[in-house]
Amino acid sequence: MRQILKSLILSVITIALLIILSLSYGQIPPLGKFFDPIIGFWSVAWQDDFPAQSKLSLPGLKNEVTIIFDKRGVPHIFGTNETDVYTAIGYVHARDRLWQMDIQYRFSAGRLSEILGKQGLATDINQRRLGLAVTAERTLANLDTNQFDYQIIAGYVRGVNHYINQLSYRDYPYEFKLLNYKPEPWTIEKTILLNVSMGYLSRTMDDLYFSRLQQMFSQQELEELYPLFFSIPYPIIPEQNEKGAANQIYTSDGRNQKLDLNFNHETSIEKRHIDKYQTEGLGSNNWVVSGLKTKTGKPILANDPHLGLDIPSVWYEAHLNCPEFDVYGVTLTGAPFVIIGFNRHIAWGMTTCGWDVTDLYREVFDNKSHDHYRYNGTWQPVMKLPQTIRLKDAPDTTIVLEYTHRGPIISRYSEFFSMQWTGNQTDFGGISVYWLNKAKSFKDYRQALKFYNCPAQNFIYADVKGNIAITSTGKNPVRKKGLGRSIANGNSEDSDWISYTPFEQLPASLNPKQGYLASANQQPLNQLTPYFGWNWPTDYRARRINELLKNHDQLNVKDMMKFQTDAYSVQAEVFVPYLLKAFEKHPFLTDSTHLDSVISYLRNWNYEMRKNEVGATLFDRFMENFQKYTWHDHYPTTQNERFILPSKLVLEKIMQSDPDSRWFDDMTTAKKENRDDMIRKSLIDTYHQLSDEFGKDISEWKWGRYHKTRIPHLSRLRPLGIDPFPNNGGNGTLNVGAGRVNSFGPSCRMIVSLENPIRAWSVYPGGQSGNPASKHYMDFLETWKSEQYFEILFPENPSGLAKDLIESQISIIPEVK
Amino acid sequence: MKSIGFGILITFIFALIFESVGLWQAMVIAGIFGGLIVKRSWHAFLVGFSGVVICWFIILIYAEIVHQIFPLMKITAQIMMLPPSFSFLIFIGTLLTGGILGGLGGLNGLWWRRIFVK
């Protein structure tokens, strides 16, 4: 009897242990299967060891597709029709980046809480209120299931799901095991949602910021500090575009609608939005040089989009080949098309336009439950969409999304704003990239761009016939006079958007006399009608690239590489002479040997923001101080409020033209300070601050020590990301990298020479695989860090790839039922 | 002594078979088979524990040689807040997990056999 009892107790203990090892605790995965040497996390190490040759069958495929992975892990997909090729890229995306696809989708859809629990709830609520998922749902409903666009995405989804369906726990990517959840089927809606969420790049809360500024400054001051546009030497379009319809919307008369808004702390829509400081110097570069200025006599196109840097990278390189097209470039995982790239006829690239395509409207409701909103003297019903947010290890949460006819209501506090944003339009703008993939001529390129909506982009173009062009495109709302810049009155139809700027009236240039075109997020034109925006990034990168391209002939690909990684600071060229002058006038201030040394470093500096430069560190900190000391005493110091400070272009202007400007006066002192006082104070404090941080030895204050790039993993788990490393480039340089430790920068660099045959080079920080144990997880990183490139392989058929360049090959055949 | 060796072998073989289909829970069953062969309780635990540990150890060492699993182990250790020099604890933890399951299986095997086989 005793033995039976003992055995029973032992069995209970054994079963209890099995149960304990099968359960997850908070973020700790179930340790039994997680530690299992065959199916647990260890198996991730061999998930990436693909056989040199493999075969699989896939339902819905019409003919055989061959996928050849080159030594960099880039797939070259050869099929007999486009849908098959898109199915194959779906399969490949899922194989290499499944978790990235899933987490990007979950973020956009507001479904992080399902895997993260309460930790993800705030983000989910925020994302759902933006309405991206609702937009995706409506866009899908607008698609005709018999049309080619639907069919293409359906093919892609089929490929993704075929991969997912064959997975068991052993094959799950590392992050799924760590977070203990399984991949769910991919859908067309998910692909559309990811396309919609790219529009996020264009969404701003500038209306909110500007309305607040209206309360703080007079109209005259606003025009001085926040002009509608600047007179810049190099707008995107070299010829002033005469096509604009000036009467359609407001001009710079400054009579912007001004509402009496209650800007208490609660008005901060979602805190993370208002906390966003204007980060000057970020953005993207693209340029194209015509054959008149190149050694080969053929155009060269260069593009480096500056985005948040993550592991896995936002980009995935791929080559798609079928009778309909033969295209190479970077794709976004979750969508089938090549976003930036080239085919046998044309090449294209993108930079963000920075247009104002988001408007906020103050709404008035009939009661606390917001059943109706005031519009044109009547009460209109508020559309309500209840949303259930599932939480891991906690009860579901329900929120109700509210919509006016303009868009979602995004504030729940003392003021209520509805948001109209071009990103919430329900036509599938992603299809324009599909047409670009197939384009063979300038005409095709323009035709393709007509479908594009959001985020507005400067599409640069070159073709093998020698044409170069740029088109700033996307939906640009046409508003009535006085609207667009600040929060509008939602009660009247007068505040509604009238239409969108017709495609033909958007800024564009073809084969300009200067022989090149360049965009670096600067204003498209110097006289901006119709209204496109006001919060323009500085044009320092634009000035630099224009100077380089203007002053060089016989350009080659190596020159383009040098330009893309150029770290020369035009900003420093503008500001440092004034800085040195301010100290020349007051030599007594430099009686300290250390300050003499600081001045000497700046005097001898070549304005290169490179790792070994001390001048770069001094200048960067100086600029931070100079801006702060010039502006901050003119702004309230509320704890929870941040402001868009005036552009550095404004600072540059008053520094050059008005040394005694009242903006230089420190309002907290009795004395009246001027420009040189502020410059001296800024530099002296720079010296003290850097001494405290890096010690007294100025020669040690190198840029590489001060400025670092960090590439975090999408999960933000530090061991999966790349720790900060010294990097060239700074605020406003072509090789951009603002701030002390930044995670923004050239997310990929691509150069295409449209010679015969086309040649191209590219690199991005990361690698093709999302598997942290894969050799392709970050195998491009060192090349990117050392400012080198990979020459792209662009064979016309599978036999065009030499055997020693092939890593593995998959033949996919149609599944016979 | 011979029976211990034989028990370990039996456990090892069954552990390998169950592992090949990814059944980590079945390490208990592998241990039970081993436990049936020995006569003392600590022998039974030892047989189950060792059989599974050896099996998992060989798998992991083979995986390291062929696929280099230790970098992933280091990453996992860091995620689990272990200092870099303690990442071997993940390896030990894995073996212990399997070993304890096998050991308890071995004890179960012996004790239940004692009830049914007098």
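We name chains A, B, ... by the order of the sequence lines, and we start the count at 1 in each one. If you're wondering where the values come from, they're calculated on a predicted model, not measured in any experiment.
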Chain B contact via [X] - which portion, at a heavy-atom distance below 4.5 Å:
| X | value |
| --- | --- |
| Ile38(A) | both |
| Leu17(A) | side chain |
| Ser22(A) | both |
| Ile28(A) | neither |
| Asp49(A) | side chain |
| Tyr169(A) | neither |

Where along [range] does a heavy atom come under 4.5 Å of chain A, listed by residue number?
| range | result |
| --- | --- |
| residues 26-41 of chain B | Val28(B) |
| residues 64-91 of chain B | His67(B), Gln68(B), Ile69(B), Leu72(B), Met73(B), Ile75(B), Thr76(B), Gln78(B), Ile79(B), Met80(B), Ile90(B), Phe91(B) |
| residues 55-63 of chain B | Trp56(B), Ile59(B), Leu60(B), Ala63(B) |

- Give a yes or no on whether Arg170(A) atom CZ has more than 12 heavy-atom contacts from other residues, nucleotides or ligands under 6.0 Å away. no
- More than 12 heavy atoms from other groups under 6.0 Å of CZ on Phe6(B): no
How long is the straight-line distance from [atom2] of [Y] back to [atom1] of [X], given to the nearest 0.5 Å?
| X | Y | atom1 | atom2 | value |
| --- | --- | --- | --- | --- |
| Leu5(A) | Trp111(B) | CG | CH2 | 10.5 Å |
| Asp36(A) | Phe18(B) | CG | CZ | 13.0 Å |
| Lys33(A) | Thr97(B) | NZ | OG1 | 15.0 Å |
| Phe34(A) | Thr94(B) | CZ | OG1 | 8.5 Å |
| Thr14(A) | Leu101(B) | OG1 | CG | 8.5 Å |

- Of all heavy-atom pairs linking Gln3(A) and Ile115(B), the shortest is CG-CG1, 3.6 Å
- With sequence neighbours left out, the residues meeting ring-ring contact (aromatic ring centres under 6.0 Å, His included) with Phe780(A) are Tyr764(A), Phe790(A)
- Message: Can you tell me which of Asp48(A), Leu178(A), Ile39(A) forms the most heavy-atom pairs within a distance under 4.5 Å of chain B?
- Response: Ile39(A)
- Under 3.5 Å, is there a donor-acceptor pair between the Ser11(A) and Asn108(B) side chains? yes
